Amino acid sequence: MTDRTSGMRGRVGVVVGVFGVAAAATVCVVPTAGAVATQVSIHPGLNVGSSTNYGTGCTYQARAAVTDVVQPVAFYDNGVRFAVVAPSGGTALVNWVPATEGPHTISAVQSPDFSIVASMDVHVGRGVHVAEGCNVFGG
């Protein structure tokens with residue numbers, strides 16, 4: 001009587017071995033994606049104006065959607081860094097208080113790839129605090 005299972009075990013081992021090598025090779029050639037800020041937004045909250053909701057001295061929440069949940073995110077106002085924060089669940093949040101009237105570009109980048117920048121343009125008027133918000137004039 002011959003043992004037919006020993007030949008079958010040998011073939012299964014070869015098939016599993018081939019798939020294991022193929023899977024390992026696939027893992028080795030998968031490119032890694034860099035951390036990237038994909039979108040920036042500024043939430044006006046309770047601040048209102050006739051031509052813009054953004055005023056000097058008023059507080060806004062800047063938000064950046066990011067692809068890496070660990071790498072720090074740097075925020076810039078017209079090219080000047082104003083905050084570096086750790087993201088939480090793919091979103092980085094920071095308060096922004098504009099100091100000057102006029103056009104502002106709010107940007108965010110995520111370490112280590114500083115070449116990909118997400119940004120948003122806003123126009124800032126003169127802010128006047130009223131209760132929990134700001135009235136914005138001009139702009």
Side-chain angles (χ1 to χ4, degrees):
M1 186 179 246
T2 60
D3 183 6
R4 298 176 131 185
T5 58
S6 65
M8 182 66 96
R9 274 184 268 175
R11 287 187 204 124
V12 170
V14 169
V15 170
V16 170
V18 169
F19 282 120
V21 170
T26 302
V27 170
C28 292
V29 296
V30 173
T32 57
V36 176
T38 60
Q39 181 182 31
V40 171
S41 60
I42 306 290
H43 298 279
L46 299 174
N47 307 318
V48 296
S50 59
S51 60
T52 182
N53 291 331
Y54 305 100
T56 55
C58 305
T59 302
Y60 302 92
Q61 185 179 64
R63 174 181 300 203
V66 296
T67 60
D68 188 307
V69 298
V70 177
Q71 295 296 323
V73 179
F75 285 87
Y76 295 84
D77 179 357
N78 288 340
V80 177
R81 186 172 68 193
F82 67 91
V84 176
V85 298
S88 176
T91 302
L93 302 171
V94 67
N95 284 337
W96 172 62
V97 180
T100 59
E101 294 182 41
H104 289 257
T105 299
I106 306 304
S107 309
V109 294
Q110 188 172 31
S111 296
D113 189 355
F114 296 108
S115 66
I116 300 175
V117 178
S119 64
M120 175 183 177
D121 294 324
V122 296
H123 196 80
V124 175
R126 184 175 48 89
V128 177
H129 289 274
V130 177
E132 297 295 318
C134 278
N135 283 340
V136 180
F137 300 95

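Note that the structure is a prediction, hence the values are computed from the model and not measured.
- The list of disulfide bond (SG atoms under 2.5 Å apart) pairs with a residue in residues 43-83, not counting sequence neighbours, reads Cys58-Cys134.
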Does the side-chain contact (heavy atoms from CB on, under 4.5 Å) test come out yes or no for Val122 and Thr52, once each step is laid out? CA-CA 8 Å; Val122 296; Thr52 182; 5.9 Å; no

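- Closest approach of Phe75 and Ala92 over heavy atoms only: CZ-O, 3.7 Å.
- A donor-acceptor contact shorter than 3.5 Å links the side chain of Asn78 to the backbone of Pro103.
- Put simply, the side chain of Thr67 gets close to the backbone of Val36: a donor and an acceptor are under 3.5 Å apart.
- Rounded to the nearest 0.5 Å, atoms NE2 (His43) and CG (Asn95) are 11.5 Å apart.
- When all heavy atoms of Pro112 and Ala35 are compared, the pair lying nearest together is CD-CB, 4.1 Å.
- Formation of a donor-acceptor pair under 3.5 Å by the Thr56 side chain with backbone atoms of Gly127 is found in this model.
- Under the ring-ring contact (aromatic ring centres under 6.0 Å, His included) criterion, Tyr60 pairs with Tyr54, Trp96, not counting sequence neighbours.
- A pairwise comparison of heavy atoms in Gly55 and Pro98 identifies O-CG, 3.3 Å as the closest pair.
- Minimum interatomic distance between Ser119 and Ser107 (heavy atoms only, all atoms of both residues): CB-OG, 3.5 Å.
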Could you check Leu93 against Val85 for side-chain contact (heavy atoms from CB on, under 4.5 Å), going step by step and ending with a plain yes or no? CA-CA 7 Å; Leu93 302 171; Val85 298; over 6 Å; no

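- The closest donor-acceptor contact from the side chain of His123 to the backbone of Ser51 lies at 3.5 Å or more, if one exists at all.
- Looking only at side-chain heavy atoms (C-beta outward), Asn135 and Val48 come within less than 4.5 Å of each other.
- Hydrophobic cluster membership is shared by Val40 and Val94, with clusters built from Ile, Leu, Val, Met, Phe, Trp and Tyr side chains linked at under 4.5 angstrom.
- Between the CZ atom in Arg63 and the CD1 atom in Ile106 there is a gap of 15.0 Å [rounded to 0.5 Å].
- Atom CD1 of Ile42 and atom CG of Asp121 lie 10.5 Å apart (nearest 0.5 Å).
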side-chain contact (heavy atoms from CB on, under 4.5 Å) for Val73 and Val84? Distances and angles first, verdict last. CA-CA 5 Å; Val73 179; Val84 176; over 6 Å; no

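- Taking hydrophobic clusters as Ile, Leu, Val, Met, Phe, Trp and Tyr residues chained together by side-chain heavy-atom distances below 4.5 Å, Phe82 shares a cluster with Val66.
- Side-chain N or O atoms of Gln110 include one that pairs as donor or acceptor with a backbone N or O of Gln71 at under 3.5 Å.
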